[in-house]
Structures are given as structure tokens and as C-alpha cells.
2 protein chains.
Amino acid sequence: MNNSECDVCEQLCEHPQAICRARSEALADEDARELAETFKILGDTTRVKILQILSRCELCVCDIAAVVGMGQSAVSHQLRLLRGARLVKYRKEGKMVLYSLDDDHISMLLAQGIEHIKHR
Amino acid sequence: MNNSECDVCEQLCEHPQAICRARSEALADEDARELAETFKILGDTTRVKILQILSRCELCVCDIAAVVGMGQSAVSHQLRLLRGARLVKYRKEGKMVLYSLDDDHISMLLAQGIEHIKHR
DNA sequence: CCATTATATGAATATATGTTCATACGTTTA
DNA sequence: TAAACGTATGAACATATATTCATATAATGG
């Protein structure tokens, strides 16, 4: 995968073959980092609430704040993170900014997660 | 959703209807918390690597540590979190403990996430 | 142009988190 | 039973994170 070529296989405790094989199939470091970054953004109660709300309809910042019961500033900070992770998009309408999910994909992720927690 | 019945609708900046509607469709606090908790566990490079590796084959702690290039202790701590979130399961074989994904569902979550980061 | 409204952002603070080190636990083997 | 091995865990530390407060920006209406 990386430049390393199973160089660790000889030294460690056990199962050099398994290690080599797993290494060759492992996620690239950069991909793992990005993937984790995405999940990390999803990993906050406020942000999850925001996303789930936006999966139903487009809303302005002020309304989002009202629904999740947090201050405007806090919500704005979180929306910034969500934007950065390309989880939400926005459009301006007058002095308002209307947010929505970046694509349906995000809904799927949420649904998949909900399924996991409901599944017992 | 909660016991609150749109009581905030009258006071805040804008769109009381939108707020009421969103509130009624919002995730229950506890669900949002659990969902975020799950994603939070997924939101770490080391843990993502571990999960992706385990999506390919069952491995012992020592081998996992070798593959992700971290200490046994660090990996063990992370596996504990992964267990707590029901993302991995394990079985003992002699003095070894073999870990694997808790169910195929988890692979799907990972795949969905990967699709998101690859999608541009 | 000034006041108002909606949103964004920087600084500060409290809290959470990941890794390391040392050590404990449990199983196997000598 | 003692030693060795694989794994788990508690404490400590450094770093990351979420919220709040104050304030800035941008757009609208008077």
C-alpha cells in the first residue's frame, strides 16, 4: 500500500502473513484520515440534529438554532464545520442564508447510522 | 417531539411554521446523542483503519497493531471503544483475542463514507 | 446614511479525547 | 508454579473540541 513492503512482518508477535495481507488491503493513510474527518464531523449531537433537520427541509440559521435549541453563534460555528466537510450547502436569500444537505448521500449516511443504533 | 409543544415558535426571529414543523420531525434528543456517539467513534483515523482492516478479515490485537503501526496498548484502548459502540465483536482463541466487525452493516457505513470522500 | 436584522468569526474557556507508560490479568508452556 | 506471552486497563499528559461572548460583516428598510 505505502512504500513499506511488509518490512514489519518478520519482527512482530504473530501471523506475518495475515499482517502482510491486511497491509496490502489497508486504506491509504490519507484516505483514512479524510474518512475519519468526515465521521468526526458527524460525531456531535448538535450537528447530527442539524443534519437530520436539514434532511427534511431547507432552513435559515435562525430557525435551525431555534429547532436545536442553541444560540445562533454556536449553530453558525457548527454550520461552518458542516460546510467544510461538504455535508451541507447554502444559498443566500436577502439577508438570510438557507442551508440544506449537500446531497442525498448524506441522508443515506444518517439513515445507515440510525439503523445501527436502532438495531438493538 | 419532546414535551415542548412549539412553545418557542412565537418568540424567535423568523418562520414559526418552519420551526414548528422541523421540531415535530426532529430526532429525539436521546437518538441524536446515540447517533452522534456512533459517528464519533468512527471519527478517528486509527479506528477507521482498524475497522477497514477488520472488514477484510478477522485479526488478533497484535496483528492489528502491526498493520496500523501503533502500540498494542493504544490499539487495545481503541478496540474497547469500538466494542462499546458495537462496531466490532471478538472471540478468544487461547491467549489471543480475535476481532472482527460486529456485522456487515458496519462495512456499509464505511463504504458509504468512502464514497463521500471519493465523490470529489 | 443610519438603524436594524441575519449571519459569521475570533478569542477564551471548559471539557473531551488519544496516546504513552506502567502494570495487571489470563492463558499457555516449561 | 514460574515464566512467557497476548491482551486489558488506569493514570497522566498533551491536544482537540464545543460553546459563549463580543464584535464584525452584509443586506435591508427608513
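In the text below, chain A, chain B and the rest are named by the order of the sequence lines, each starting its count at 1.
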What is the distance, to the nearest angstrom, from the NZ atom on K49(A) to the C1' atom on dA18(D)? 14 Å

Under 4.0 Å between a side-chain N or O of R47(A) and OP1 or OP2 of dA18(D)? yes

Taking the side chain of S76(B) as heavy atoms from C-beta outward, which of dA27(D), dA8(D), dA22(D) is closest to it? dA8(D)

Between L98(B) and G43(A), the residue closer to the 5' end of DNA chain D by nearest nucleotide is L98(B)

Just to verify, which of L98(A), T46(A), L79(A) counts as forming a side-chain contact (heavy atoms from CB on, under 4.5 Å) with I64(A)? L79(A)

Suppose we call a contact any N or O donor and acceptor under 3.5 Å apart; does that hold for the side chain of Q72(A) and the base of dA8(C)? yes

Where the side chain of R83(B) is defined as all heavy atoms beyond and including C-beta, which of dA8(D), dG18(C), dA6(C) is the nearest nucleotide? dA8(D)

As a test of reading the structure: which of dT7(C), dT17(D), dG18(C) is closest to the side chain of K40(A), going by heavy atoms? dT17(D)

Mind checking the CZ-SG spacing from R91(A) to C60(A)? Nearest 0.5 Å is all I need. 11.0 Å

Once you apply a heavy-atom cut-off of 4.0 Å, does L81(A) come out as touching a base, just sugar-phosphate, or nothing? sugar-phosphate

Picking from dT19(D), dC5(D), dT20(C), the nucleotide nearest the side-chain atoms of M70(B) would be dT20(C)

Check the distance between dT19(D)'s C1' and I50(A)'s CD1 and give it to me in whole angstrom. 12 Å

5′-ward residue of the pair K92(A)/R80(B) relative to DNA chain D: R80(B)

Between the base of dT19(D) and the side chain of T46(A), is there a donor and acceptor pair under 3.5 angstrom? no

For the pair R23(A) (side chain) and A66(B) (backbone), establish whether a donor and an acceptor sit closer than 3.5 Å, ignoring hydrogens and angles. yes

Closer than 4.0 Å, any side-chain N/O of Q78(A) to the OP1 or OP2 of dT19(D)? yes

Distance in Å, Y99(A) OH paired with L82(A) CG, rounded so as to fall on 0.5 Å steps: 9.0 Å

Indicate, with a heavy-atom threshold strictly under 4.0 Å, whether Y90(A) touches base, sugar-phosphate, or nothing. nothing

Please determine whether any donor N or O and acceptor N or O are separated by less than 3.5 Å between the side chain of H77(A) and the base of dT7(C). no

Is there a path from M108(A) to I106(B) through hydrophobic residues (I, L, V, M, F, W, Y) whose side chains come within less than 4.5 Å of each other? no

Where the side chain of M96(B) is concerned, which of dA6(C), dT7(D), dG10(D) is the nearest nucleotide? dT7(D)

Separation of atom NZ in K95(A) from atom P in dT4(C), rounded to whole Å: 12 Å

